[in-house]
Colleague: 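Got a structure here, written out as structure tokens. Questions coming.
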Amino acid sequence: MEYFKIFLTKLAWGAVLFATVPGVSFAADGGRRFAHSDSDKRYLHHIDLYDLNNRKITPDSDQPYSPQNTCGRCHDFETISHGWHFNAFRSHALRATSKGSSAAENDAADEDADIELEQPSHEHVVDGRPGEPWIWTDERTGTQLPLSYRDWPGRFNPASIGISELEMVRQFGGRLPGGGAGSEDERKTLSPESDADDSSEDAEPSRWALTGDLEVDCMVCHAVSGAYDFELRRSTIGSENFAWAPTAALRLGQIDGSVARIKEGSDPEDPKVQAKLPKVQYDASRFGPDGSVFMDLVRHVENNACYQCHSQRTVTEGVGIDERFIHDTDVHLRAGMKCTDCHRNGIDHQIARGFEGEQHPESFASMTTLNCVGCHLGTDFYLDEEEAENSITQREIMNRPGRLGAPLPNHEGLPPVHFKKLTCTACHSGPIPSSTAGGLMTSLSHGLGDKGHRTGPELPSIRGPLFIPESTSADDHSDLDHASDEEAHSRVTVARGMWPAYWGEIRDGKVIPLSPEKVYTATRRSLRVRRGFIEEVSKPKLSSRDLVELLGEERGKVDASEYTPEERDLVDALQMKQGEELFDEKVALSLETLKKELGVEQAVYVSTGVVYARAAPSDPDSADEVADAERSEAKPNAEDDQTEVPTRLLEEITVENPEAVSMVSWPMAHNVRPAGWSLGATGCLECHADDGLIFASTVTPMGPAPKAGQPSAMASLQGLAESDRLLWNQMFGGRKLYKLLVAASLVVLGVMMLLGLAASAHRRGEMASGGQPTPERTA
Amino acid sequence: MMLALIRRLTFAGVLIATVVLFGTSLPTWWGGHFGGYRLLAHMAASGVVVIGLPLYAILRWTDWLSAPIPTRGSAWTFWALILSGFLTIASMYACMMPSTTTSWMVALIDFHGWIGATMAVAAIAHLATLRRVDPKQSAT
């Protein structure tokens with residue numbers, strides 16, 4: 001049986017190797033079930049389009065085209081649709097069912113190898129290293145709630161806090177390439193308990209029937225740059241026209257109508273409702289004489305497609321979004337590489353994420369070496385002498401350094417212990433660090449790519465670069481096989497971080513977020529925020545009268561950009577003061593409202609690592625404080641309030657699950673800076689000094705609440721005692737002197753050995769010439 | 001008399017520092033790596049050896065220039081200590097140079113460990129051979 005397994009393994013390896021050779025494609029996409037072009041050249045896709053009902057689309061059709069029914073005719077859509085990006089909204093369901101199915105899969109593994117190839121099992125959920133969460137952001141309620149269906153620390157599973165799949169697709173579908181909960185087939189496989197928890201179960205099916213599925217849209221990634229309109233796709237999804245998004249994005253025609261305008265709870269079977277569903281007016285010029293449509297696509301995905309969801313901008317405090325021209329791009333891209341040169345995938349679309357120890361379903365060397373170490377140093381880099389001798393390097397060329405022409409770094413003068421303490425990216429990647437972590441904006445969280453008027457401080461407030469230990473995840477992120485778990489997980493890496501802000505309830509001493517949609521509906525009146533929580537509650541704009549009183553008649557009327565630093569401090573202090581009062585009033589009132597309307601025992605607001613709850617009444621009449629707050633809310637800037645001793649309506653409480661309020665982080669890998677711009681390139685003292693950025697730079701908790709969080713040094717986040725670090729730095733401070741001392745010591749010892757040799761030779765000479773040797777020191 | 005005291009104290013310092021160096025490096029022989037207070041102690045002790053060993057070499061060798069010369073065992077262990085100490089220090093000094101590549105550094109650190117252990121043996125052997133001489137010295 002064991003030999004048979006080895007045979008199967010070899011057979012699978014052989015198939016994989018064939019698949020990597022152009023022209024000899026025999027990939028795991030169902031063997032010969034689907035046609036291949038088997039060439040490196042582009043295959044021109046003049047193809048027929050098919051709608052959801054599998055009817056061929058003509059210029060007169062009014063139904064959107066279905067990627068599944070169109071692309072799936074020639075490609076293994078079933079296998080593709082379970083890829084990394086497409087399972088973002090279904091990994092929780094797979095995880096729940098994987099245990100039950102594992103036994104069955106083990107049995108299947110014993111069957112014919114052909115079956116293995118035709119039906120590759122990619123249903124094992126390997127969430128891997130934590131990535132960027134889906135951050136549910138609502139500027140009006142001061143919410144920045146990190147969500148993920150993947151089992152990553154600090155993220156909340158949407159299903160567990162009452163956010164339906166429909167809400168998730170509505171909120172984030174514009175950045176989802178489809179699949180998962182957006183697809184009816186996949187929704188059927190979702191875990192029963194998630195459906196059971198969904199309070200809107202009755203309403204949702206009807207809504208899905210209206211919106212249609214957000215199918216896996218192949219063209220999201222494979223369309224050539226310029227052929228796919230991401231903006232139009234996002235706005236189409238924003239109109240809840242999920243099924244129409246692929247058609248709109250390719251600009252195959254015009255979409256008339258919006259599902260969003262159809263009332264909630266409408267019956268999809270109702271002819272009147274159906275008449276309101278969007279219709280497509282196809283552009284006849286897109287159709288060839290034979291009725292086919294040219295789909296301008298490439299197999300090797302272009303960078304532009306990746307940038308739609310994987311862009312980042314840095315924000316300087318008080319200045320705004322940094323100009324793009326000041327940033328250099330990633331060195332790999334400058335060298336002419338494409339994202340997909342490393343982040344590649346097979347037909348299963350399990351894209352290599354590119355971190356060390358990644359548990360890729362395709363666990364063969366050509367995939368698992370697609371990371372920094374794999375290309376630059378070779379996978380044997382971490383092996384000790386004995387392991388290296390026994391390694392497969394002797395047999396597998398792929399494991400050697402230099403893949404894709406990667407230069408072999410010498411790391412001259414860098415003690416090897418650094419490779420066990422730091423990830424490659426800690427020194428080589430991310431924005432150039434400064435003494436304090438700055439703001440970061442990302443495509444997924446801030447909608448980069450959309451036309452907008454972003455200034456920088458918009459929620460969610462993401463900070464970086466952070467130099468913190470790699471997060472541990474629930475499943476395999478074993479990193480280096482040779483290293484102990486402790487070593488692997490304590491390596492410092494560069495990361496982004498954010499502090500969750502949300503409205504929640506206290507249950508059994510733990511804080512649990514409430515559904516943001518429900519919170520918004522419930523607190524509309526109590527918060528009365530039109531644009532943003534920060535500018536209207538936490539940091540309200542000062543009135544002209546306040547400014548004149550604060551800065552004088554003349555300076556009080558100048559534009560804020562002309563303030564001196566002292567004036568700016570004064571204005572900020574008054575804004576903070578007014579913000580705290582307003583925050584107390586409005587949040588206290590909203591907490592009471594949530595308690596009543598959502599029926600929770602104790603409502604709380606979480607921001608910047610703090611849990612705010614309504615203060616315990618000091619006397620029986622204090623319950624009326626809410627009413628007082630409501631009255632005072634009408635004139636929040638009243639002068640009288642400033643002279644009174646403020647009564648705190650809120651108190652900060654502790655919870656039994658502090659991880660629900662503390663920083664959520666995820667590593668960043670790009671942009672990779674040139675070697676000369678890496679940390680430590682100028683020597684030890686770049687890091688091992690009191691102001692070494694990797695230890696001494698700080699990050700301050702940021703959030704919607706008017707609370708100035710305490711800055712934390714990276715060293716403290718790494719678990720290093722400040723006294724130890726300073727002691728170490730002293731050792732490095734005298735390093736040059738120590739080198740001189742060592743050199744002097746070596747010279748002295750060398751001279752002594754020479755003298756000793758000379759003396760010995762002299763004695764031997766004396767003895768040879770018949771002289772008497774000097775007697776030993778004896779009595 | 002004073003020189004003899006200084007010489008003995010210097011050797012005592014080198015011997016203790018060598019024991020500390022060996023002791024702090026022990027966990028790395030089973031695949032661990034240096035860090036924290038262990039490395040700090042190792043570095044501090046290395047300073048003692050860097051200063052103490054050449055000083056002891058000078059004091060001891062100049063003392064032996066005058067007759068009578070030491071026993072053969074004492075001389076052998078002395079030079080073994082000096083040579084192994086030289087190589088131990090030199091291998092670490094090379095690692096401190098900004099031109100040593102990772103692979104060289106790994107090899108040098110490996111060598112440093114082995115030659116450092118040899119130095120510890122030589123230091124103890126030197127102590128043992130010194131003891132055999134000292135009673136005779138006292139009899140002179």
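Side chains included, hydrogens not; waters and symmetry mates left out as well; all remaining heavy atoms used. Residue numbers start from 1 in every chain, and the chains themselves are labelled A, B, ... in the order their sequence lines are given, proteins ahead of strands.
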Colleague: Tell me if a side-chain donor or acceptor on Thr100(B) pairs with a main-chain N or O of Glu412(A) at a distance below 3.5 Å.
Modeller: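 No, the answer is negative, given that no donor and acceptor are paired below the 3.5 Å cut-off.
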
Colleague: Checking the side chain of Thr101(B) only, and the main-chain atoms of Asn410(A) only, is there a donor and an acceptor separated by less than 3.5 Å?
Modeller: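 Looks like no, no N/O pair under 3.5 Å.
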
Colleague: Which region of Ala743(A), side chain (C-beta onward) or backbone (N, CA, C, O), has a non-hydrogen atom less than 4.5 Å from a non-hydrogen atom of chain B, or is it both or neither?
Modeller: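 Backbone plus side chain of Ala743(A), per the 4.5 Å heavy-atom cut-off to chain B.
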
Colleague: Using non-hydrogen atoms only, which part of Val742(A) is less than 4.5 Å away from chain B: side chain, backbone, both, or neither?
Modeller: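 For Val742(A), the contact with chain B is made by backbone and side chain together.
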
Colleague: Can you tell which part of Ile58(B) gets under 4.5 Å to a heavy atom of chain A, answering side chain, backbone, both or neither?
Modeller: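 Both parts, heavy atoms under 4.5 Å.
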
Colleague: Against chain A, label Leu83(B) side chain, backbone, both or neither, depending on which of its atoms sit under 4.5 Å from a heavy atom there.
Modeller: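 It is both, since atoms from each part get that close.
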
Colleague: Tell me which of these, Leu55(B), Val106(B), Ile109(B), Leu40(B), has more heavy-atom pairs under 4.5 Å with chain A than the rest.
Modeller: Leu40(B)

Colleague: Is Ser46(B) close to chain A through its backbone or its side chain, or both, or neither, when contacts mean heavy atoms under 4.5 Å?
Modeller: both

Colleague: Could you tell me whether a side-chain N or O of Lys739(A) sits under 3.5 Å from a main-chain N or O of Tyr93(B), the two making a donor and an acceptor?
Modeller: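 No, Lys739(A) side chain to Tyr93(B) backbone: no donor-acceptor pair under 3.5 Å.
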
Colleague: Does the side-chain contact (heavy atoms from CB on, under 4.5 Å) test come out yes or no for Met752(A) and Phe86(B), once each step is laid out?
Modeller: CA-CA 10 Å; Met752(A) 289 302 301; Phe86(B) 177 84; over 6 Å; no

Colleague: Out of Asp724(A), Leu746(A), Val748(A), return the one with the most heavy atom pairs under 4.5 angstrom to chain B.
Modeller: Leu746(A)

Colleague: With a 4.5 angstrom heavy-atom cut-off, is it the side chain or the backbone of Met731(A) that approaches chain B, or both, or neither?
Modeller: side chain

Colleague: Would you please name every residue forming a salt bridge (charged side-chain N to carboxylate O under 4.0 Å, His left out) with Arg673(A), sequence neighbours left out?
Modeller: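 None.
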
Colleague: Quick one, Ile89(B) with Ser745(A), criterion side-chain contact (heavy atoms from CB on, under 4.5 Å). Give me CA distance, side-chain angles, the key distance, then yes/no.
Modeller: CA-CA 9 Å; Ile89(B) 296 170; Ser745(A) 174; 3.9 Å; yes

Colleague: For Phe78(B), which atoms come within 4.5 Å of any heavy atom of chain A: side chain, backbone, both, or neither?
Modeller: neither

Colleague: Between Met753(A) and Trp61(B), does the side-chain contact (heavy atoms from CB on, under 4.5 Å) criterion hold? Intermediate values first, please.
Modeller: CA-CA 10 Å; Met753(A) 285 190 288; Trp61(B) 192 71; over 6 Å; no

Colleague: Let me know if Ser99(B) has heavy atoms under 4.5 Å from chain A in its side chain, its backbone, both or neither.
Modeller: backbone

